[in-house]
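Here the structure comes first, spelled out in structure tokens, and everything after it is commentary.
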Amino acid sequence: MATPENESFLDIKSKLGVSNDNLDWIPLSLTLVEYPQGDGFGKFLALISLMPFAVLTGFITLIIFRRDLHTIVFFIGMVINEVVNFLLKHTICEARPMRREVLYSEYGMPSSHSQFIWFFTAYMVLFVLVRLHHNNNSTISQKFWRMLTIVLCITVAVFVAYSRIYLQYHSKAQVLCGMILGSALGIIWFLVTHLVLTPFFPVIVSWRASEYLLLRDTSLIPNVLWFEYTNIRTETRARSRKLVSMKSQ
């Protein structure tokens, strides 16, 4: 005799008089990406269309472990961008291409993937050109890495946008609208952050709540990675010498 502990899902449905035929199974389309069987390029585009989720994961990780105000504000901008996309989709109420109507009930105008990745790209391009360009004495290596970052961001954004058309999740108009809107919002949010919010960062990090949360402002440091590397190296050497001195006594 079945006990409540070992009753299966099917047993419970049987008692309730519910059959599989009466259930509507809805796919979680958030991370579900389909591509034509045997299509290598389609598989590549399906994988690269997941890039927005990788970006979000990266931002959440950075916020948790670095607590940098600029990263937090950047992330807030992406959330606002997604809210705008949601409101527009449910205002315009334009369906996805016909092949996707059977599987998905979400609206398609504008494309959320396209809008998200182009918001990120527009912001990053301006960030590299403006915030990482503190002087005219940059080395060739620094200029190369800045240019490479810009090219990579734009390349990924193009592939993500094109994947939504190739895989028939959105029409060309829906993707183009997402590109334009995301780029515009990215530029606007960068200007708001750079001109309006950044001057308040030193004040914000001085708040007691900010000290409790270990929030920090690195906006005046041109190269955070190099700054942290040199400071950690200096501190490690100093502690090592101190440790050797204590052992010798």
Legend entry - Donor-acceptor contact below 3.5 Å, side chain R67 vs main chain L213: yes

Legend entry - F200: partners by ring-ring contact (aromatic ring centres under 6.0 Å, His included), with sequence neighbours left out: none

Inset, instruction - Determine whether more than 12 heavy atoms belonging to other residues, nucleotides or ligands lie under 6.0 Å from atom CZ of F159. - result: no

Legend entry - Set of residues satisfying side-chain contact (heavy atoms from CB on, under 4.5 Å) with respect to T149, sequence neighbours excluded: M124, V128, C153

Inset, instruction - Please check if V79 and I60 belong to a single hydrophobic cluster, counting links between Ile, Leu, Val, Met, Phe, Trp and Tyr side chain heavy atoms closer than 4.5 Å. - result: yes

Enumerate, atom names and distances included, each donor-acceptor pair closer than 3.5 Å involving a side-chain atom of residues 175-195, sequence neighbours excluded.
unit_1: S183; atom_1: OG; unit_2: M179; atom_2: O; d: 2.8
unit_1: W189; atom_1: NE1; unit_2: V73; atom_2: O; d: 2.9
unit_1: T193; atom_1: OG1; unit_2: W189; atom_2: O; d: 2.8

Inset, instruction - Check the angle between the aromatic planes of Y162 and Y166 and answer parallel, tilted or perpendicular using the 30° and 60° thresholds. - result: tilted

Which donor-acceptor pairs under 3.5 Å do the side chains of residues 201-209 make with protein atoms, sequence neighbours left out?
unit_1: S206; atom_1: OG; unit_2: V203; atom_2: O; d: 2.5
unit_1: W207; atom_1: NE1; unit_2: V203; atom_2: O; d: 3.3

Inset, instruction - Report yes or no: does S49 contribute a side-chain atom to a donor-acceptor pair with the main-chain N or O of A46 at less than 3.5 Å? - result: yes

Inset, instruction - Report the residues that fulfil side-chain hydrogen bond (donor to acceptor under 3.5 Å, both in side chains) with E94, sequence neighbours left out, ordered by chain and then residue number. - result: Q174

Inset, instruction - Answer yes or no: is there a donor N or O on one side and an acceptor on the other, between the side chain of S240 and the main chain of R237, under 3.5 Å? - result: no

Inset, instruction - Could you pull out all residues at least two apart from E235 that satisfy side-chain hydrogen bond (donor to acceptor under 3.5 Å, both in side chains)? - result: R239

